[in-house]
Protein chains: 2
Amino acid sequence: MPRDAAPPRRERLDRDRVLRAAVALADDSGLDAVSMRGLAQHLGVVPMALYKHVADKDELVSGMVDVVLGEIEPPDPALPWKEALRARVLSARRAVLRHPWARRAIEGSTRRTPTVLAHMDAVAGGFRAGGLSPDLTHHVMHALGNRIWGFSPELFEEPAPAEPPSPEQQEAMGREFAQRYPHILEIAVAATRGDLSRVGGGCDEQFEFEFALELLLDGAERLHRAGWASAAR
Amino acid sequence: MPRDAAPPRRERLDRDRVLRAAVALADDSGLDAVSMRGLAQHLGVVPMALYKHVADKDELVSGMVDVVLGEIEPPDPALPWKEALRARVLSARRAVLRHPWARRAIEGSTRRTPTVLAHMDAVAGGFRAGGLSPDLTHHVMHALGNRIWGFSPELFEEPAPAEPPSPEQQEAMGREFAQRYPHILEIAVAATRGDLSRVGGGCDEQFEFEFALELLLDGAERLHRAGWASAAR
DNA sequence: ACCTGAACACCGTTCAAGT
DNA sequence: ACCTGAACACCGTTCAAGT
């Protein structure tokens, strides 16, 4: 049998191809579709073949997150510090919104890859550029929490109801709510400008994100101007 | 065969017994130990027996969260609004810290049970008692995010390293970091007061939580005093 | 009304082998 | 160096039956 028998049936795998395929699969079919077995099948390969390129499932997901974070654009260096930070965080948000599974992947991810550390370092650098102390920068970054990745927890997230509620159901729900949860009802009325049929539409997450971001950036600036230092130092 | 043959081998299951057993199992062995099969075995019962008492896994976890949220103590009604809110949220925090799995369960949970809604309503009521508009209350609650449940995302969380790094490793790590992540290094130095061997100890989560909580409550009060209203109204 | 048994369609990962 | 096959020890859930 001559040794030019069978050409390789497909391109060689490498880490990059595995990660890009995983990202594409998650974009198309959601994060749950990205199992080691499902991804392998997608690549026309046996599950165990993937383990030559990623140590385990966790590293696969971290790698996928790195791909997303790679899409963050650094802000114009000429920008004043607050605008630069806002731009960086909103760029992270655009990247995360492009890949709807990324939020969950980041929340569940346990690995601090170089890409993750680089973004955290850049955000910290943004505050330092504004003159905030390392101490204050540290605590403010904790306060921002996952917002440095461009998302906030979806507090009022709703599992899309199969059917939009009928007017009667709405009526009944309204009465039930008014009794038991009067303050949530008030909020829902305010958020939908009185049109409760739009309650299912959810909140304007972009507005909520920017509202919280401004609140926290302003708070940080105010504490900095006031010469804040943690009591322990 | 007389009908008094075999007495029931164990107490009858009911929803409450199932949920309490699940909470106890998670407290002892972590959330991953609470599989339908694992819990069933723990109860000396076949997996399918549980499905008479909870619709599915998701409802089991929601029920477990409800048990935890049931431990929140309402604040003294005589308290001024900010202190009352702080007390309520810190009580939620104590409940969540008592059950280390609860954070993850809340983040992953998709169901808004009456217990969940009741807590959200109480927090909203706290802001309303301070005179904040439903509009402002809504946005501030978004800004608080998961902090209303008493936890913030663990930004700098580290997977406990098997071995504490040797002084040489620390040295090397420090040099590597100083080069690539100078701002994170600064923060680590500030947080550990210069003793980098304590970096593995993690941050003072209680301090970070209260810092962010105060920042957000103060920000809310400031906006309220300034007569803030969202542009859209 | 409540519980059981067997089965279905999945997981991540180890180990020993193939080319 | 890279991929395969078979196996292990798990999942959640459906369906039809038992008492």
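Numbers restart at 1 for each chain; the letters A, B, ... are given by sequence-line order, proteins then strands.
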Decide yes or no for A:M120 and A:W149: does some side-chain heavy atom of the first lie under 4.5 Å from some side-chain heavy atom of the second?
yes
Does B:F207 have any side-chain contact (heavy atoms from CB on, under 4.5 Å) partners at least two apart in sequence or in another chain, and if so, which?
A:H139, A:W228, A:S230, B:D204, B:F211
Spacing between A:L43 atom CG and D:dT4 atom P, to the nearest angstrom:
11 Å
Which of these, A:D14, A:V65, A:L60, sits in a side chain to side chain contact (heavy atoms under 4.5 Å, CB included) with A:L19?
A:L60
Please state the P separation for the pair D:dC10 and C:dA9 - nearest whole angstrom.
22 Å
Should C:dA16 form a Watson-Crick or G-U wobble pair with both distances under 3.5 Å, which nucleotide is its partner?
D:dT4
Closest non-hydrogen atom pair, A:P47 against A:A40
CA-CB, 3.5 Å
Measure CG/A:D32 against P/D:dC11 and give the value in whole Å, please.
18 Å
Test side chain to side chain contact (heavy atoms under 4.5 Å, CB included), reference B:V116, set B:D66, B:D121, B:I106, output is B:D66
Atom CG of B:L39 and atom P of C:dC3: how far apart are they, to the nearest Å?
13 Å
Using a heavy-atom distance cut-off of less than 4.0 Å, which residues of residues 54-65 of chain A contact DNA chain D?
none
Ignoring hydrogens and geometry, is there a side-chain-to-backbone donor-acceptor pair from A:T137 to A:A124 under 3.5 Å?
no
What nucleotide, of D:dG12, C:dC2, D:dA7, holds the atom closest to the side chain of B:S35?
D:dG12
So what's C:dC10 paired with, Watson-Crick or G-U wobble, going by both distances under 3.5 Å?
none
Output the rounded distance in Å from CD (A:Q41) to P (C:dC10).
9 Å
Contact under 4.0 Å: A:H53 side-chain N or O vs D:dC3 OP1/OP2
yes
Is B:Y51 near enough to D:dT13 that one of its side-chain N or O atoms lies under 4.0 angstrom from OP1 or OP2?
yes
Categorize B:M48 for me: base, sugar-phosphate, or nothing, with a 4.0 angstrom heavy-atom threshold over every strand shown.
base
